[in-house]
Each structure stands twice: as C-alpha cells, then as structure tokens.
Amino acid sequence: MSDSYVEDDLADGRAALLSGWSTGSEPGLVITRASGALVWDAKGNEYIDCTSMAWSNNIGASVPEVVEAAFAQARQLSHLRSNFDSVPLLLLSKAMTQQAPGDLKRIGFTLHGSLAVEMAMKLAMANRPDHTGPWLTLTDAYHGRSLASMGLGWPHTNHAFDRTFPSVLRVPQPYAYRSGRSDDEEVDFCIAELRDAITRRATGLPPALIMEPVQGNGTQLDFPDRYYREVQEVCAEHDILLVFDEVQTGFGRSGSMWAAEHYGVVPDLLVFGKGVGGGFPLAGVLSSTKLAGFQPGDEALTFGEFPVSLAAGLAALKVLHRDNLLAECTAMGQYATQALNELKPRHPLIGDVRGPGLLIGVELVRDQQTREPAAEQTLEVYRRAADLGVILGTTRYAGLGNVLKIKPPLCLDTDGADFFADALDRVLAEGW
Ligand SMILES: Cc1ncc(COP(=O)(O)O)c(C=O)c1O
C-alpha cells in the first residue's frame with residue numbers, strides 16, 4: 001500500500017471502527033509487513049508472530065508462490081457466480097479430497113470458518129431430518145462469530161445475541177489439569193456426561209456433536225487419545241453425526257494434515273478454514289461419502305467459491321508439501337514444547353505446557369499447587385513479550401483467561417523458537 005497517509009489518518013480510521021481489539025488489551029500495533037514467521041509494525045519494529053495472525057499463516061506470511069497464484073487468478077478471473085465452476089475450484093476439490101482421511105471424499109467451500117461451521121450444521125440437519133434435538137457441543141468450545149456458530153460456543157448468558165441462538169446442550173470436555181482427576185477418570189466422567197446428555201437431558205435426538213479436536217480460543221486444550229474414540233462410539237450408537245471443527249487444528253498445525261489423523265478418528269464432517277487459504281479467506285467442509293450433499297440453492301453464497309482464494313489454497317497446499325511442513329511442525333513442536341517445559345522449574349507462574357505440534361498452550365497459575373488461574377499476569381506477560389518482539393495469544397474468549405497460546409507458522413526455525421522461549425524466560429523472571 002502507498003505511504004500517502006499521516007498518523008492522523010490512522011487515528012481517525014481507528015476512531016471510526018465499529019470493532020477491533022486495538023483499543024483494548026492489544027498493543028494497538030499497525031502491522032505493515034509480514035514474511036515467514038515475522039511481522040513488522042509501521043515504526044519498523046520486528047516481531048515473531050506466535051499467533052500466525054489468528055492461526056492462519058500456517059505456511060508463513062505472504063508466501064510468494066501463494067501471492068503470485070492469487071494475483072494470476074485475479075487477473076484472469078476474479079469472481080464467478082456459483083452456478084459455474086472455476087478451474088481452481090475443481091483442482092482444489094480434487095487435491096483436498098484425494099488427501100483427506102477415510103471416506104471424507106466430498107468437499108464444499110466458503111470464505112469463513114463460521115460459515116463453514118454453518119455449512120456443516122446444514123448438512124447435518126439435511127442428513128438427520130428426524131433429529132430435532134439440540135446440538136451437542138463441549139464446554140469452552142469456540143466455533144465462530146456468525147449467529148449460529150456463536151451460539152454453539154458462546155457460554156455467556158444475558159447478552160444481546162442469544163435470543164437467536166440455536167438450541168445447544170453443552171457437555172464437559174476433559175480437563176484433568178483442572179478437575180484433579182486422572183486422565184482416565186476424566187475421560188470416564190466426560191463420556192458418562194455425554195451419554196447422560198443424550199439419553200436423559202436432550203429433548204429429541206441431537207443431529208450432531210460438534211467439537212474442536214484441540215480447543216483453541218477457550219482453553220488451548222487437547223484431550224487424552226481415548227476420549228476421541230469413545231466420543232465417536234457414543235455418537236455412532238445413537239446415529240448422531242460427529243463434526244470436527246478443524247478451523248484451527250487443521251492444515252498441518254498438529255503435525256498431521258488434520259488433527260483427526262493425529263488422534264486416529266475420522267469424523268463424519270470436518271470443518272476447515274484459516275491456514276487452508278495460505279493467508280487468503282478460504283474455509284469449507286469435508287464430508288463423508290455416506291452423507292448426502294446439498295440440494296441446489298441450499299448453499300450458494302455470492303463469494304462462497306471465490307476463485308482467487310481457491311487458487312491461493314491450491315498454491316498453499318503445494319507449499320505445505322514442498323517445504324515438508326508437517327514433519328517440520330512435529331519437530332519444531334517438540335523442540336518448542338521442550339524449551340517451554342524447561343522453563344517450568346524456574347518460573348512458578350507456569351502451571352502446564354500442552355498440545356501437539358505447534359498448537360501449544362501454556363497455562364499460567366498463581367501457585368503451582370493450588371493452580372489458581374493467573375489471568376491478570378497472563379495479560380501482563382503478553383504485553384511485556386510484545387515489548388521484547390514476541391506476539392503471543394491469550395485465551396480470553398471463554399475458559400479462565402490464563403493460557404498463553406503459542407501457534408506460530410509451521411516454517412518457524414529453531415532460532416525463532418529460541419527467541420520466543422528466551423523472551424518468555426526474561427519476562428517471567430521480572431518481578432511478579
Ligand atoms: C475452531 C474455530 N472454528 C471457527 C472459527 C471461525 O472462523 P472465522 O473467524 O474464519 O469465521 C474459528 C476462528 O477463530 C475457530 O478457531
């Protein structure tokens with residue numbers, strides 16, 4: 001973009017914005033450039049981006065091959081009515097379904113994760129017309145901010161939006177670190193709660209259970225392996241569809257292409273978004289061949305199959321494989337998690353370090369024994385780390401607000417991991 005603006009223009013624009021974090025706890029940075037795992041602000045300061053810009057730049061920021069593919073597509077054909085097919089639509093459909101696990105061999109696209117969640121909800125309703133009960137979701141889930149997707153995850157009461165929300169039954173997610181139970185006891189408890197919800201609390205059979213394989217915005221929490229299998233078994237017993245919302249966990253972030261593969265469970269519907277577009281808006285659903293697709297007109301958004309994003313997605317998929325980013329993610333995840341675990345004995349604020357691949361959560365506590373959540377300190381760590389050139393994420397949406405989220409691009413190298421682990425070490429060493 002041209003530099004023909006002055007600071008006042010930016011301040012006027014910010015004052016006019018309806019929403020945004022920049023007036024709240026975020027540092028209010030104006031980011032002007034990004035490359036790989038790095039971003040630069042308008043003053044030229046450099047940061048490691050441990051948020052991959054809302055967990056979307058999985059292959060890195062502004063990757064030249066992706067930008068070129070998007071530009072080339074835009075020059076040739078930028079927009080197409082959904083009655084017609086574009087070449088990138090068909091090529092990406094083929095590539096993604098060929099690589100999808102199990103029988104997830106049908107695909108639909110849209111532009112936002114929230115709308116992809118709604119696409120999955122529509123497919124579930126169309127395929128289970130007699131299941132008129134509530135949606136099953138997990139406590140502290142996050143599924144987006146359109147009205148229906150927000151309803152699945154938004155756990156707060158008495159706010160302006162809930163009068164239009166769908167009917168939802170929340171079941172507890174395994175969180176052994178907080179419940180004090182062992183992993184096995186916790187899984188038994190949660191599965192029993194799920195059975196109870198279906199057989200005694202739901203008025204009518206639920207069409208689907210929708211869950212993030214690793215909860216992102218809520219608690220940055222992964223679950224014991226057995227939980228995924230048993231959830232699938234319970235759903236199958238009642239003919240309830242299992243939907244994995246992989247908007248955050250997908251496209252390599254767990255070290256596997258999909259977290260479904262990482263945990264060895266293929267759901268009926270898999271929702272994707274964020275990283276799939278290589279920095280361009282792209283989301284959608286992979287569906288089991290056992291399910292019927294849409295009738296004409298059920299799913300037809302004006303920009304739903306945006307050729308520019310689809311071309312970017314195709315290029316991003318090639319880069320993911322060319323650069324061996326699944327294996328890189330596994331290796332860097334282990335490296336970074338170990339570095340963070342090594343900080344734990346020196347810093348009593350660190351309670352738990354968790355997550356596969358580069359889906360890392362660091363839960364901060366006021367006391368390692370009582371595990372009292374350290375929410376204020378989490379925000380302060382976040383601010384001080386930004387001063388040292390590291391952009392972290394924090395859980396604010398639900399949960400307890402005391403988890404640092406570290407989910408950098410998968411192209412992060414060991415120097416990058418050392419840099420943010422060292423910054424965290426320094427921040428945690430400053431008086432608390
Ligand atoms: C798990 C999950 N589902 C859905 C969404 C919504 O995606 P979008 O913001 O692209 O609508 C998000 C976004 O953070 C997410 O993390």
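None of these values were measured; they are calculated from a predicted model. Only this structure's heavy atoms are used, side chains among them; waters, hydrogens and symmetry mates stay out.
Pairing each heavy atom of F223 with each of P174, the nearest pair is CD2-O, 3.5 Å. Scanning all heavy atoms of the two residues, the minimum distance from A316 to G277 falls at CB-C, 4.4 Å. The shortest heavy-atom contact between M257 and L320 is SD-CD2, 3.5 Å. Looking at every heavy atom in both residues, V285 comes nearest to A120 through CG2-N, 3.9 Å. Taking all atoms of both residues into account, the shortest heavy-atom contact from A260 to P267 is CB-CD, 3.9 Å. The shortest non-hydrogen separation linking L209 to C235 is CB-SG, 3.9 Å.
H159 has its ring centre less than 6.0 Å from the ring centre of F165. Aromatic ring centres of F303 and H79 lie closer together than 6.0 Å.
No more than 12 heavy-atom neighbours from other residues, nucleotides or ligands sit within 6.0 angstrom of CD on Q295. Under a cut-off of 6.0 angstrom, the local environment of CZ in F294 is crowded, with over 12 non-hydrogen atoms contributed by other residues, nucleotides or ligands. More than 12 heavy atoms of other residues, nucleotides or ligands lie within 6.0 Å of CZ in R128, so this atom counts as buried by the packing criterion. Atom CZ of R322 has more than 12 neighbouring heavy atoms from other residues, nucleotides or ligands inside a 6.0 Å radius.
Within the 4.5 Å cutoff, side-chain heavy atoms of K105 are placed close to those of T289. With a 4.5 Å cut-off on side-chain heavy atoms, L269 and S287 count as touching. Considering only heavy atoms from C-beta on, L359 stays 4.5 Å or farther from D222 through its side chain. You'll find the side chain of L205 reaches within 4.5 Å of the side chain of I240, heavy atoms only. Side-chain contact check for D245 versus V117: some heavy-atom pair is nearer than 4.5 Å. A 4.5 Å side-chain heavy-atom check between Y175 and E186 finds at least one atom pair inside the cut-off. At a threshold of 4.5 Å between non-hydrogen side-chain atoms, the residues T302 and S82 do not count as touching. Side-chain contact between P101 and W258 is present, with heavy atoms from C-beta onward closer than 4.5 Å.
Using a 30° and 60° split on the angle between ring planes, Y228 and Y263 fall in the parallel class, below 30°.
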Before giving the answer on side chain to side chain contact (heavy atoms under 4.5 Å, CB included), spell out for L242 and V266 the whole-Å C-alpha distance, their side-chain angles and the decisive distance to 0.1 Å.
-> CA-CA 9 Å; L242 177 61; V266 180; over 6 Å; no
Test log, rule side chain to side chain contact (heavy atoms under 4.5 Å, CB included), inputs K274 and L282 | CA-CA 7 Å; K274 293 196 185 274; L282 185 61; over 6 Å; no
Can T395 and Q220 be said to form a side-chain hydrogen bond (donor to acceptor under 3.5 Å, both in side chains), step by step?
-> CA-CA 7 Å; T395 51; Q220 197 48 56; over 6 Å; no
Side chain to side chain contact (heavy atoms under 4.5 Å, CB included) between K405 and W55: does it pass, once the steps are laid out?
-> CA-CA 10 Å; K405 297 188 288 189; W55 342 113; 3.5 Å; yes
Could you please spell out the steps behind the side chain to side chain contact (heavy atoms under 4.5 Å, CB included) verdict for C190 and Y227?
-> CA-CA 8 Å; C190 292; Y227 179 69; 3.9 Å; yes
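Using modelled atom types, one finds no donor on one side chain facing an acceptor on the other under 3.5 Å when comparing E305 with S86. Looking at Y47 and D41, their side chains do bring a donor and an acceptor atom within 3.5 Å of each other. Neither side chain, Q338 nor Q334, offers a donor N or O lying under 3.5 Å from an acceptor on the other. Side-chain N/O atoms of D418 and Y335 include a donor and acceptor closer than 3.5 Å. Side-chain polar atoms of S149 and E118 form no donor-acceptor pair below 3.5 angstrom. Side chain to side chain, Q99 and H321 meet the donor-acceptor criterion of an N or O pair below 3.5 Å. Looking only at atom types and distance, the side chain of D49 has a donor-acceptor partner in the side chain of T51 under 3.5 Å away. Judged by distance alone, the side chains of Q248 and N217 do bring a donor and an acceptor atom under 3.5 Å apart.
A side-chain donor-acceptor contact under 3.5 Å links R371 to the backbone of Y177. Of the possible polar contacts, none joining the R201 side chain to the I198 backbone as a donor-acceptor pair under 3.5 Å is found. Between the side chain of H131 and the main chain of P206, a donor-acceptor pair closer than 3.5 Å is present. The closest donor-acceptor contact from the side chain of E230 to the backbone of V234 lies at 3.5 Å or more, if one exists at all. Between the T110 side chain and the L115 main chain, no donor and acceptor come within less than 3.5 Å of each other. Between the side chain of E212 and the backbone N or O of Y142 there is at least one donor-acceptor pair closer than 3.5 Å. A side-chain donor-acceptor contact under 3.5 Å links S182 to the backbone of E185. Of the possible donor and acceptor atoms, none in the side chain of N324 sits under 3.5 Å from a partner among the backbone N and O of A327. Side chain of N402 to backbone of E363: no donor-acceptor contact under 3.5 angstrom is found. T164 places a side-chain N or O within donor-acceptor distance of the main-chain N or O of F161, the cut-off being under 3.5 Å.
A salt bridge between D103 and K290 is present, with a side-chain N of the basic residue lying under 4.0 Å from a carboxylate O of the acidic one. Electrostatic pairing of R346 and D425 counts as a salt bridge here, judged by a charged N lying under 4.0 Å from a carboxylate O. The pair E246-R253 does not meet the salt-bridge criterion, since no charged nitrogen lies less than 4.0 angstrom from a carboxylate oxygen. Taking a cutoff of 4.0 Å between a charged side-chain nitrogen and a carboxylate oxygen, R195 and E237 qualify as a salt bridge. A salt bridge between R181 and D188 is absent, with no side-chain N of the basic residue lying under 4.0 Å from a carboxylate O of the acidic one. For K122 and E299, the salt-bridge test passes: some basic side-chain N is under 4.0 Å from an acidic carboxylate O.
Rounded to the nearest 0.5 Å, atoms CD1 (I59) and CG (L325) are 7.5 Å apart. Distance OG/S56 to CG/N58: 7.5 Å, rounded to 0.5 Å. Atom SG of C50 sits about 9.0 Å away from atom CG of L424, to the nearest 0.5 Å. Distance check, rounded to the nearest 0.5 Å: CG of L392 to CG of L379 gives 11.0 Å. Taking CZ of R178 as the start and CG of L221 as the end, the distance is 10.5 Å to the nearest 0.5 Å. In this structure, OG in S52 is found 7.0 Å from CG in L410, a value given to the nearest 0.5 Å.
When each of R170, Q215, Q173 is tested with D140 by the rule side-chain hydrogen bond (donor to acceptor under 3.5 Å, both in side chains), just one qualifies, namely Q173.
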